[in-house]
Amino acid sequence: MKSNACKSFDERCYDLLLKIPKGKVATYKKMAEALDTKAYRAVGQAMNRNPNLVTVPCHRVVNSNGEVGGYAEGSARKIELLREEGVEVSDNGQINLFEFLHSFSD
DNA sequence: GCTTTGACACTAA
DNA sequence: CTTAGTGCCAAAG
């Protein structure tokens, strides 16, 4: 069992983020739905605060349309990290969700 | 305790 | 394609 309760919305986002395997990505919408909410923006908010840029793989979160979206250190930086993970990112900053979108069915 | 902000999502024109 | 508008939610001011 895990004490999932008593946690702030942000912490839940980070925890969910850690569930994303390497070489995969998740969308803000999927995250919100996994958290049983519709706060797509609130999820991004937690990332933007960037409390643990090293511990929390915020760069594995992208827009629902497959776009990398934004990043605290710049979208370009995000793309670099994703490519490092093994995710194929187009020059336009597009990600193949059909191949790299992770599903929270754990 | 209300107002503003925001790394989003969706629809319409 | 871009611009505009609406909805959604939580954190910060």
Side-chain angles (χ1 to χ4, degrees):
Chain A
M1 261 80 78
K2 291 268 207 189
S3 317
N4 254 22
C6 301
K7 279 195 174 184
S8 299
F9 183 85
D10 310 354
E11 292 201 49
R12 273 185 280 177
C13 297
Y14 313 142
D15 195 59
L16 195 62
L17 216 38
L18 298 169
K19 289 183 164 196
I20 304 175
K22 199 175 203 170
K24 289 261 185 152
V25 294
T27 68
Y28 295 99
K29 188 162 71 163
K30 281 249 175 188
M31 300 256 303
E33 291 197 8
L35 296 171
D36 198 64
T37 181
K38 292 97 183 165
Y40 323 116
R41 318 194 73 189
V43 175
Q45 278 277 323
M47 308 292 104
N48 183 249
R49 306 291 185 189
N50 226 343
N52 306 302
L53 182 55
V54 270
T55 25
V56 181
C58 331
H59 58 266
R60 287 187 193 152
V61 192
V62 300
N63 290 1
S64 69
N65 97 334
E67 216 173 283
V68 284
Y71 193 59
E73 297 195 0
S75 46
R77 175 67 178 160
K78 187 168 177 176
I79 293 169
E80 288 183 76
L81 291 167
L82 287 169
R83 284 178 172 168
E84 285 282 292
E85 298 279 301
V87 178
E88 292 182 40
V89 186
S90 304
D91 295 351
N92 199 33
Q94 284 267 262
I95 297 176
N96 198 335
L97 296 181
F98 289 88
E99 297 291 313
F100 300 105
L101 178 56
H102 168 70
S103 306
F104 295 103
S105 307
D106 224 290

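Note on naming: letters A, B, ... go to the chains in the order of the sequence lines (proteins, then strands), and numbering restarts at 1 for each one.
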Point to revise | Those residues that, when tested against A:Glu67, pass side chain to side chain contact (heavy atoms under 4.5 Å, CB included) (two or more places apart) | key: A:Asn63, A:Asn65, A:Gln94
Review point. If you measure only the distance, is there a donor-acceptor pair under 3.5 Å linking the side chains of A:Gln45 and A:Arg49?
Key: yes
Review point. Is the side chain of A:Arg77 donor-acceptor paired with the backbone N or O of A:Tyr71 at a distance under 3.5 Å, no angle test?
Key: no
Study note, to complete from the structure: To the nearest angstrom, the CG-C1' distance between A:Asp10 and C:dA12 comes to 11 Å
Point to revise | Minimum heavy-atom distance A:Tyr40-A:Ala32, with the two atoms named | key: CD2-CB, 3.8 Å
Check your understanding: C:dA10 C1' sits how many Å from A:Tyr14 OH, rounded?
Key -> 11 Å
Practice item. Would you mind building the protein contact string for nucleotides 4-11 of chain B? One character per nucleotide, 5' to 3', B for base within reach (heavy atoms under 4.0 Å), S for sugar-phosphate only, - for untouched. Key: --BBBSS-
Point to revise | Flag, side chain of A:Tyr14 to backbone of A:Ala46, donor-acceptor distance under 3.5 Å | key: yes
